[in-house]
Amino acid sequence: MNLLPTFRSIERALAIGGLIAGLIAAPIGAASLALDATNPQRGAAADYLFNDSHFHLTNYVQKGTDIHKYVEQIMGDKIGRSTLFGIPLQQTWAYGNSGDFAPTYYLQSDAPLYYYSFTDAYIARAYQALPKEQQARLDPMITGFNPVDMYGVDHIRRVLELFPGIFSSIGEFTIHKEFVSSKVAGETASLTNPALDRILDFAGEVGLAVIIHSDIDMPFAKAGAEPVYLTQMKDLLRRHPKTTIIWAHIGLGRVVHPVQGQATEEAAERSPAYQQIVEQLVDDPTLAHVYYDISWDEVAKYAIASPEVEKRVADMLNSHPNRFLFGTDNVAPLDQATQLRVYHLWDPVWAQLTPEASLNVRKGNYERIFDAARARVRAWEKANVKPL
Ligand SMILES: [Zn+2]
C-alpha cells in the first residue's frame, strides 16, 4: 500500500507547520530551522516511504552489508535517509562452548559479549567510501563505548576528534536488554551508573542525539507489577533535559511485552496498562526531550496483535505526531524486500494515521531530530576539534 501520492501536496503544506511544531516539541535550537528550510533532501524525499531511524549495518560478529549495496539497492528509491551504526557488542566464538559452530547472534552461544570499539572506525570508513550525495542520506552514529566505564565518554570524544564531520549521534547502545545484558563481560550496565550520566551530559553539550535501548521490564515479568525499570528510566531521562534522547522500541523486547492492565480500578492505578504508561511519558512536560522509536519486527507484532490494538496504537501516534519515529532495526540486511518487510507489518496502522502523523512518524521527526544534531555537532567540532 502506497499512501505517498496523496501526501505530496500535504508534505509541502506541512513543511512550515512542521517546523513550528518542531520548535515547540524539540529541545533544539534555531540552527535546525535554518537547516530544515534549505535541506536539499526534503523535496526529493517526498517520494520515499520512510527514513530509517534505527539501522545496523553490521551484526554481532561485525559482519554486514556492503555500504554501496545498502544505499544504492536497499535504500534505493524507497528509503530516504537512514541512521548508520554497527553493534558495539561482539559475540565471542568460544571453542569450549560451541566448538566448530561459529555463533553470529547472541542467542547462539553461552559465551560472553564484549565491547568492540573498532565498530566506529569501520562505520566511519564505510561512510567515507561513499560519494557526497549518498553520504547526505546517512546519519552515522557512535556506538563503541562501554556505558559502565567512567572513561566511556572519552571514547565518544575521541571518535569525534578522529573522524570529524561524520558522526552526529550516539547509539543504539544498550543498558537493559533481555538475554543480552547478563552476557556482557564485566560489570552489568545500570540506569543509575554515573558513567551513563557522563555520556548523556556530553551528548547534550555537543548536540549528539542519543538512541538508548533499555527494556522497560524484565523478561517474563509478573502481570500487574509496575515495570521494573520504569522509574529508573524516567529518573535518568529527567536528569538530562538538554539531551535529545530516543528510547528504542519504547522499552519493549522480544519477550518484554506491553504490561497488562488490572482487573480492578484500584489495582489499575498502581499498575497501569502499557498504553497508559506511554501516554504518561509523552504527556509529561519533564520528558519533552524524549522520543520513542517503534522499530524492530518484534515490536511491530505487539502493535498489530488485533484490530483493537492497531486502533489504539494509531490513536496514540495521531495524538502525539511529533514524538514517535519509525525504524526497521534490521541487522545487516540482504535485500530491499527484507528492509521493507518491517515497514509493511505496520500497514494496518499506517492506514489509520492522519496525514500529519503518518508523515512525521515515517519521515518528518527523523529529519527534525537528525538535522538539528548534524548542525550542532558540526558547530561543536568546529569550535573544539583541532587537527591531529
Ligand atoms: Zn537495534
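In this chain, residues are counted from 1 in sequence order. Just follow the structure's listing: the first ligand is 1, and inside any ligand the first atom is 1. Just so it is clear, the structure is predicted and the values come from calculations on it, not from any experiment.
Nearest N, O or S atom of D329 to the Zn ion (ligand 1): atom OD1. Nearest N/O/S atom of E172 relative to the Zn ion (ligand 1): this is OE1.
Judged by distance alone, the side chains of H213 and D215 do bring a donor and an acceptor atom under 3.5 Å apart.
At a cut-off of 2.8 Å, H56 is counted among the residues with an N, O or S atom near the Zn ion (ligand 1). Contact annotation: H54 places an N, O or S atom under 2.8 Å from the Zn ion (ligand 1).
Using the six-membered ring where Trp is involved, W296 and H249 have ring planes that are tilted, between 30° and 60° apart. The aromatic rings of W380 and F202 lie perpendicular to each other, with more than 60° between the two planes, well past the 30° mark.
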Given the rule in the salt bridge (charged side-chain N to carboxylate O under 4.0 Å, His left out) test, do D284 and R238 qualify, once you have shown the distances and angles that lead to the verdict?
-> CA-CA 10 Å; D284 187 331; R238 287 182 181 130; 2.6 Å; yes

